[in-house]
Amino acid sequence: MNPTKLAGIDFLAPAEVVARQLIGVTVLVDGVGGRIVETEAYDREDPASHAYSGPTARNFAMFGPPAHAYVYRSYGIHWCLNFVCREEGHGAGVLIRAIEPLAGLDIMRARRDAEDVQLLCSGPGKLCQALNVTRDFNGASLAAPPFRLEAAPPGLEVIAGPRIGISKAVDVPWRFGLHGSRFVSRPFR
DNA sequence: GTCGGGATAGACT
DNA sequence: GTCTATCCCGACG
């Protein structure tokens, strides 16, 4: 079994479509996690994307099957979690940037060494630390344990803006967030 | 083999 | 707002 549809989302769709639809989806890793409130889309023909110059040892998971994880090291310190989309071999993904913590709060507090719920998962590196996501998850299916995805409730208001921390294609509005959420990494404007 | 830069976070002025 | 720790890998050669 290798489903491309999870939590009501078709992961064969373009990254910017999947990124928008992921807002409000609940993601759990070993039962710990919460509701996605911020994402960014990265496509193959996108100078800001790791996939831009083709498959490499680092990004090969991005060219693997959709609805799988792509995990990479950032700045030598943090891990970042992406969901692969489009057909296998295309090389597109969605960076999960922030989560509203809902399940396993005490576990996340211990892993993050932080009390404030707003500081647990409000950034791509933070949420990986809180959910214990590391290189071990690179290429893993999102349809199988320890991952679990639950569909978003209907009618959420999603807002878009430019992506964060990149030096190319800085004006492409492929950052998406849940309107009014206090759990995003940085406010939208 | 070497070099340079990065989809960050946290501490600090 | 600025500074920077610190690791992996991609681009060269």
Side-chain angles (χ1 to χ4, degrees), chain A residues 11 14-23 25 27 29 34 36-64 66 68-86 90-101 108-140 142 158-178 181-189:
Chain A
F11 281 82
E16 69 273 26
V17 173
V18 175
R20 176 177 286 270
Q21 292 178 342
L22 277 171
I23 299 299
V25 168
V27 56
V29 179
I36 298 172
V37 296
E38 184 182 345
T39 61
E40 282 179 5
Y42 289 89
D43 199 36
R44 177 72 173 78
E45 302 300 323
D46 175 358
S49 172
H50 290 172
Y52 185 57
S53 30
T56 66
R58 171 223 220 169
N59 68 17
F60 74 94
M62 258 185 121
F63 292 86
H68 282 55
Y70 163 46
V71 182
Y72 70 94
R73 193 83 144 150
S74 175
Y75 290 89
I77 302 170
H78 314 282
W79 296 104
C80 290
L81 172 65
N82 298 250
F83 291 173
V84 177
C85 54
R86 294 279 201 151
H90 181 92
V94 176
L95 172 67
I96 310 303
R97 284 195 54 91
I99 286 174
E100 175 180 345
M108 290 194 269
R109 286 193 177 100
R111 287 173 178 163
R112 290 269 305 119
D113 193 25
E115 279 298 314
D116 189 343
V117 68
Q118 288 188 213
L119 298 180
L120 291 180
C121 298
S122 56
K126 295 181 190 177
L127 75 88
C128 283
Q129 188 179 12
L131 304 200
N132 200 32
V133 171
T134 67
R135 185 167 205 74
D136 295 343
F137 294 82
N138 193 32
L142 302 177
V158 177
I159 49 179
R163 294 173 293 183
I164 291 176
I166 55 175
S167 56
K168 300 178 177 174
V170 293
D171 293 327
V172 177
W174 278 2
R175 174 179 179 235
F176 301 95
L178 178 62
S181 175
R182 304 183 312 274
F183 298 95
V184 296
S185 63
R186 290 169 44 177
F188 286 78
R189 42 173 29 216

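Small disclaimer: the values here were computed from a predicted structure and weren't measured. In the text below, chain A, chain B and the rest are named by the order of the sequence lines, each starting its count at 1.
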F183(A) and L120(A), any side-chain heavy atoms less than 4.5 Å apart | no
Nearest-neighbour nucleotide for the [X] side chain, [options] considered:
X: C80(A); options: dG6(B), dT8(B), dC9(C); result: dT8(B)
X: N82(A); options: dA7(B), dA9(B), dG10(C); result: dA7(B)
X: R73(A); options: dC7(C), dT8(B), dA7(B); result: dC7(C)

Round to a whole Å and report the spacing from [atom1] of [X] to [atom2] of [N].
X: L127(A); N: dA9(B); atom1: CG; atom2: C1'; value: 13 Å
X: H78(A); N: dC8(C); atom1: NE2; atom2: C1'; value: 14 Å
X: E38(A); N: dT8(B); atom1: CD; atom2: P; value: 11 Å
X: K168(A); N: dG5(B); atom1: NZ; atom2: C1'; value: 10 Å
X: L95(A); N: dA9(B); atom1: CG; atom2: C1'; value: 14 Å
X: I96(A); N: dA7(B); atom1: CD1; atom2: P; value: 17 Å
X: E115(A); N: dG10(B); atom1: CD; atom2: P; value: 15 Å
X: Y72(A); N: dC9(C); atom1: OH; atom2: C1'; value: 13 Å

Quick one: is [X] getting a side-chain N or O under 4.0 Å of the [N] phosphate, OP1 or OP2?
X: T56(A); N: dG10(C); answer: yes
X: K126(A); N: dG10(B); answer: yes
X: S49(A); N: dA7(B); answer: no
X: S53(A); N: dG10(C); answer: no
X: H50(A); N: dA7(B); answer: yes

Base, sugar-phosphate, or nothing: which does [X] touch, judged by heavy atoms less than 4.0 Å apart?
X: R112(A); result: sugar-phosphate
X: R163(A); result: nothing
X: S185(A); result: nothing
X: R186(A); result: nothing
X: I77(A); result: base
X: A48(A); result: base

Whichever of R58(A) and S74(A) has the more 5' nearest nucleotide on DNA chain C, that residue is S74(A)
With distance as the sole test, does E40(A) use its side chain to make a donor-acceptor pair with the main-chain N or O of I164(A) at under 3.5 Å?
-> yes
Would you indicate whether [X], at its atom [atom1], is surrounded by more than 12 heavy atoms from other residues, nucleotides or ligands within a distance under 6.0 Å?
X: F188(A); atom1: CZ; result: yes
X: R109(A); atom1: CZ; result: yes
X: D116(A); atom1: CG; result: yes

Among N82(A), N138(A), N59(A), L81(A), find the residue that satisfies the side chain to side chain contact (heavy atoms under 4.5 Å, CB included) test when tested with Y72(A).
-> N82(A)
With a 3.5 Å cut-off and just heavy-atom distances, do the side chain of Y75(A) and the base of dA5(C) make a donor-acceptor pair?
-> no
Across every strand shown, the nucleotide meeting Watson-Crick or G-U wobble geometry with dT4(C) (both distances under 3.5 Å) is dA9(B)
Using both distances under 3.5 Å as the test, list the Watson-Crick or G-U wobble partner of dG1(B), or none.
-> dC12(C)
